[in-house]
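What follows is one structure encoded as C-alpha coordinates, with my remarks underneath.
This chain uses plain numbering: 1 for the first residue, then up along the sequence.
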Amino acid sequence: RSNRVVITNYDTVKNYQHSFGRVPWSVIITDEAQEFKEQNSRSDALKSLRCLFKIVATGTPVENRLLDLWNLVDCMQPGSLLGSSKNFSDLYEKDITDKTEEERIALSNELRSRLFYGREDAFLLRRDKEGVLPDLPKKKEHTIKSPLSETQRKTHIQLVQALSNSDNENHHFEILHR
(Lines give C-alpha, C1' and ligand atoms only; values in the text may rest on other atoms or scores of the structure.)
Protein backbone atom coordinates (compact mmCIF):
# COMPACT_ATOMS: atom_id res chain seq x y z
CA ARG A 1 0.00 0.00 0.00
CA SER A 2 2.97 2.29 0.34
CA ASN A 3 3.80 4.73 -2.47
CA ARG A 4 1.10 3.60 -4.85
CA VAL A 5 -0.98 5.67 -7.19
CA VAL A 6 -4.48 4.67 -8.20
CA ILE A 7 -6.07 6.35 -11.19
CA THR A 8 -9.74 5.62 -11.70
CA ASN A 9 -13.00 7.20 -12.76
CA TYR A 10 -15.95 8.37 -10.70
CA ASP A 11 -18.24 5.49 -11.61
CA THR A 12 -15.64 2.96 -10.44
CA VAL A 13 -15.34 4.80 -7.12
CA LYS A 14 -19.14 4.75 -6.82
CA ASN A 15 -19.41 1.05 -7.76
CA TYR A 16 -16.57 -0.04 -5.45
CA GLN A 17 -17.20 2.51 -2.70
CA HIS A 18 -16.99 -0.03 0.12
CA SER A 19 -13.68 -1.49 -1.11
CA PHE A 20 -12.13 1.93 -1.69
CA GLY A 21 -13.54 3.06 1.66
CA ARG A 22 -11.40 0.51 3.53
CA VAL A 23 -8.17 2.02 2.20
CA PRO A 24 -6.53 4.76 4.29
CA TRP A 25 -5.63 7.13 1.43
CA SER A 26 -3.01 9.80 1.90
CA VAL A 27 -4.22 12.17 -0.81
CA ILE A 28 -7.23 12.13 -3.10
CA ILE A 29 -7.12 14.39 -6.12
CA THR A 30 -10.21 14.72 -8.26
CA ASP A 31 -10.15 16.31 -11.68
CA GLU A 32 -13.20 17.29 -13.72
CA ALA A 33 -15.01 17.73 -10.40
CA GLN A 34 -18.08 19.10 -12.17
CA GLU A 35 -18.87 15.40 -12.67
CA PHE A 36 -19.85 15.14 -8.98
CA LYS A 37 -20.97 18.71 -8.28
CA GLU A 38 -24.53 17.59 -7.51
CA GLN A 39 -25.39 15.69 -4.35
CA ASN A 40 -25.74 12.14 -5.65
CA SER A 41 -24.21 8.68 -5.31
CA ARG A 42 -20.97 9.79 -6.98
CA SER A 43 -20.36 12.62 -4.54
CA ASP A 44 -21.50 10.46 -1.61
CA ALA A 45 -18.98 7.78 -2.60
CA LEU A 46 -16.16 10.33 -2.81
CA LYS A 47 -17.12 11.87 0.52
CA SER A 48 -16.99 8.45 2.19
CA LEU A 49 -13.33 7.90 1.32
CA ARG A 50 -10.91 8.41 4.21
CA CYS A 51 -7.82 10.46 3.49
CA LEU A 52 -5.49 13.03 5.00
CA PHE A 53 -5.89 15.59 2.23
CA LYS A 54 -8.19 16.24 -0.74
CA ILE A 55 -7.85 18.42 -3.79
CA VAL A 56 -10.90 19.10 -5.92
CA ALA A 57 -10.07 20.48 -9.37
CA THR A 58 -12.23 21.51 -12.29
CA GLY A 59 -11.85 23.78 -15.27
CA THR A 60 -15.60 24.22 -15.50
CA PRO A 61 -17.10 27.07 -13.48
CA VAL A 62 -20.08 26.49 -11.24
CA GLU A 63 -22.90 27.35 -13.61
CA ASN A 64 -26.17 26.09 -12.24
CA ARG A 65 -26.51 26.47 -8.49
CA LEU A 66 -24.40 27.64 -5.61
CA LEU A 67 -25.33 24.37 -3.93
CA ASP A 68 -23.05 22.71 -6.50
CA LEU A 69 -20.20 24.79 -5.07
CA TRP A 70 -21.24 23.73 -1.56
CA ASN A 71 -21.09 20.06 -2.58
CA LEU A 72 -17.59 20.38 -4.06
CA VAL A 73 -16.33 22.21 -0.98
CA ASP A 74 -18.07 19.70 1.31
CA CYS A 75 -16.28 16.88 -0.49
CA MET A 76 -12.95 18.61 0.07
CA GLN A 77 -13.62 19.96 3.60
CA PRO A 78 -16.58 18.00 4.99
CA GLY A 79 -19.17 19.72 7.15
CA SER A 80 -17.27 22.50 8.78
CA LEU A 81 -16.45 25.18 6.24
CA LEU A 82 -19.86 26.02 4.75
CA GLY A 83 -22.21 24.28 7.18
CA SER A 84 -25.06 22.03 6.13
CA SER A 85 -26.48 22.06 2.62
CA LYS A 86 -29.84 23.24 3.95
CA ASN A 87 -28.36 26.18 5.85
CA PHE A 88 -26.14 27.08 2.91
CA SER A 89 -29.05 26.95 0.46
CA ASP A 90 -31.30 28.96 2.79
CA LEU A 91 -28.64 31.64 3.17
CA TYR A 92 -27.26 31.96 -0.35
CA GLU A 93 -29.93 30.62 -2.71
CA LYS A 94 -33.39 30.89 -1.19
CA ASP A 95 -35.33 34.01 -2.17
CA ILE A 96 -32.18 35.57 -3.66
CA THR A 97 -34.23 37.41 -6.29
CA ASP A 98 -36.19 39.11 -3.50
CA LYS A 99 -33.02 40.62 -2.06
CA THR A 100 -31.71 44.05 -2.98
CA GLU A 101 -28.54 44.45 -5.00
CA GLU A 102 -26.70 45.54 -1.85
CA GLU A 103 -27.86 42.42 0.05
CA ARG A 104 -26.74 40.15 -2.81
CA ILE A 105 -23.34 41.85 -2.91
CA ALA A 106 -23.00 41.48 0.88
CA LEU A 107 -23.85 37.75 0.66
CA SER A 108 -21.36 37.31 -2.18
CA ASN A 109 -18.64 39.04 -0.18
CA GLU A 110 -19.47 36.92 2.88
CA LEU A 111 -19.17 33.70 0.87
CA ARG A 112 -15.86 34.86 -0.63
CA SER A 113 -14.64 35.61 2.88
CA ARG A 114 -15.65 32.16 4.16
CA LEU A 115 -13.69 30.58 1.29
CA PHE A 116 -10.70 32.92 1.87
CA TYR A 117 -11.09 33.94 -1.78
CA GLY A 118 -8.16 36.00 -3.05
CA ARG A 119 -5.82 34.88 -0.27
CA GLU A 120 -2.85 32.53 -0.53
CA ASP A 121 -4.57 29.99 1.73
CA ALA A 122 -7.89 30.13 -0.14
CA PHE A 123 -10.15 27.11 -0.42
CA LEU A 124 -11.16 28.31 -3.85
CA LEU A 125 -8.70 29.40 -6.49
CA ARG A 126 -9.74 30.87 -9.78
CA ARG A 127 -7.23 31.21 -12.55
CA ASP A 128 -7.59 32.01 -16.19
CA LYS A 129 -5.34 31.12 -19.13
CA GLU A 130 -3.69 34.53 -19.16
CA GLY A 131 -2.60 34.15 -15.52
CA VAL A 132 -1.26 30.62 -15.94
CA LEU A 133 0.18 30.93 -19.44
CA PRO A 134 0.79 34.64 -20.02
CA ASP A 135 2.91 34.06 -23.13
CA LEU A 136 0.17 32.45 -25.19
CA PRO A 137 -0.31 34.21 -28.50
CA LYS A 138 -3.50 36.21 -28.85
CA LYS A 139 -6.42 34.39 -30.37
CA LYS A 140 -6.89 35.20 -34.03
CA GLU A 141 -10.27 34.90 -35.66
CA HIS A 142 -10.61 34.66 -39.41
CA THR A 143 -14.00 35.27 -40.98
CA ILE A 144 -14.63 33.48 -44.22
CA LYS A 145 -17.74 34.58 -46.04
CA SER A 146 -19.52 31.98 -48.09
CA PRO A 147 -22.76 33.06 -49.73
CA LEU A 148 -25.72 30.70 -49.47
CA SER A 149 -27.93 29.78 -52.35
CA GLU A 150 -31.59 30.75 -52.02
CA THR A 151 -32.51 27.15 -51.14
CA GLN A 152 -29.75 26.96 -48.51
CA ARG A 153 -30.80 30.30 -47.04
CA LYS A 154 -34.47 29.19 -46.70
CA THR A 155 -33.43 25.87 -45.15
CA HIS A 156 -31.15 27.68 -42.71
CA ILE A 157 -33.95 30.04 -41.63
CA GLN A 158 -36.35 27.11 -41.13
CA LEU A 159 -33.81 25.22 -39.01
CA VAL A 160 -33.04 28.27 -36.86
CA GLN A 161 -36.77 28.81 -36.28
CA ALA A 162 -37.15 25.13 -35.35
CA LEU A 163 -34.25 25.55 -32.92
CA SER A 164 -35.93 28.44 -31.12
CA ASN A 165 -39.19 26.45 -30.81
CA SER A 166 -37.60 23.19 -29.65
CA ASP A 167 -37.77 21.76 -26.10
CA ASN A 168 -35.20 19.07 -26.88
CA GLU A 169 -31.92 19.47 -24.93
CA ASN A 170 -29.89 18.24 -27.89
CA HIS A 171 -31.64 20.43 -30.42
CA HIS A 172 -28.38 22.12 -31.46
CA PHE A 173 -26.94 18.76 -32.51
CA GLU A 174 -30.20 17.79 -34.15
CA ILE A 175 -30.12 21.00 -36.19
CA LEU A 176 -26.49 20.39 -37.21
CA HIS A 177 -27.40 16.86 -38.26
CA ARG A 178 -30.23 18.13 -40.44
Seminar exercise, completed: From the list K37, K47, R65, side chain to side chain donor-acceptor pair (under 3.5 Å) partner of N71 resolves to K47
Problem set entry | L66 and L111: CA distance, side-chain angles, deciding distance, side-chain contact (heavy atoms from CB on, under 4.5 Å) verdict | CA-CA 10 Å; L66 278 176; L111 181 56; 4.3 Å; yes
For this session: Look up atom CG in L69 and atom CZ in F123, then write down how far apart they are to the nearest 0.5 Å.
Result: 12.5 Å
Exercise. Rounded to the nearest 0.5 Å, how far apart are CD1 of I7 and OG1 of T12?
Worked result: 12.5 Å
Exercise. Is a side-chain donor-acceptor pair under 3.5 Å present for E32 with Q34?
Worked result: yes
Problem set entry | From N9, T8, V13, residue fulfilling side chain to side chain contact (heavy atoms under 4.5 Å, CB included) relative to D11 | N9
Exercise. Is a side-chain N or O of T155 found less than 3.5 angstrom from the main chain of T151, in a donor-acceptor match?
Worked result: yes
For this session: Test R104 against E101 for side-chain contact (heavy atoms from CB on, under 4.5 Å), laying out the working first.
Result: CA-CA 5 Å; R104 289 195 297 264; E101 183 71 19; 2.8 Å; yes
For this session: Any chance you could measure L91, atom CG, to R114, atom CZ, to the nearest 0.5 Å?
Result: 6.5 Å
For this session: Run the numbers on Q39 and L67 for side-chain contact (heavy atoms from CB on, under 4.5 Å), then give the verdict.
Result: CA-CA 9 Å; Q39 287 181 275; L67 200 56; 4.0 Å; yes
Exercise. Are L82 and L115 side-chain neighbours, meaning at least one heavy-atom pair lies under 4.5 Å?
Worked result: yes
Problem set entry | Contact check, side chains of R153 and H156, non-hydrogen atoms, under 4.5 Å | no
For this session: Check whether the side chains of S89 and E93 place a donor and an acceptor atom closer than 3.5 Å, and report yes or no.
Result: yes
For this session: Might you confirm whether atom OH of Y16 has over 12 heavy atoms from other residues, nucleotides or ligands at distances under 6.0 Å?
Result: no
For this session: Decide yes or no on side-chain contact (heavy atoms from CB on, under 4.5 Å) for L72 and F36, but give the supporting numbers first.
Result: CA-CA 8 Å; L72 294 176; F36 65 90; 3.7 Å; yes
Exercise. Donor-acceptor pair, K54 side chain versus L46 backbone, under 3.5 Å?
Worked result: yes
For this session: Answer yes if L49 and V23 sit in the same cluster of Ile, Leu, Val, Met, Phe, Trp and Tyr residues linked by side chain heavy atoms under 4.5 Å apart, and no otherwise.
Result: yes
Exercise. Is it true that W70 and I96 fall in one hydrophobic cluster, defined by side-chain heavy atoms closer than 4.5 Å?
Worked result: yes
Exercise. Mind checking whether V6 and Y10 sit in one hydrophobic cluster, side chains of I, L, V, M, F, W, Y counted as touching below 4.5 Å?
Worked result: yes
Seminar exercise, completed: Heavy-atom closest pair (P147 atom, Q152 atom, distance to 0.1 Å) is O-OE1, 4.4 Å
For this session: Provide the closest heavy-atom pair for A33 versus T58 in the form atom of the first, atom of the second, distance.
Result: N-CB, 3.7 Å
Exercise. Going by atom types alone, do E110 and Y92 pair a side-chain donor with an acceptor below 3.5 Å?
Worked result: yes
Problem set entry | Distance in Å, L148 CG paired with K154 NZ, rounded so as to fall on 0.5 Å steps | 13.0 Å
For this session: For residues R50 and R22, report the shortest heavy-atom separation together with the two atoms involved.
Result: NH2-O, 2.8 Å
Problem set entry | Common cluster, F53/I29, ILVMFWY with side-chain heavy-atom separation under 4.5 Å | yes
Problem set entry | Separation of D44 CG from C75 SG (nearest 0.5 Å) | 9.5 Å
For this session: For E103 and K99, work out which heavy atoms get closest and say how close.
Result: OE1-CA, 3.2 Å
Problem set entry | Spacing of CZ belonging to F116 relative to CG belonging to D121, to within rounding of 0.5 Å | 6.0 Å
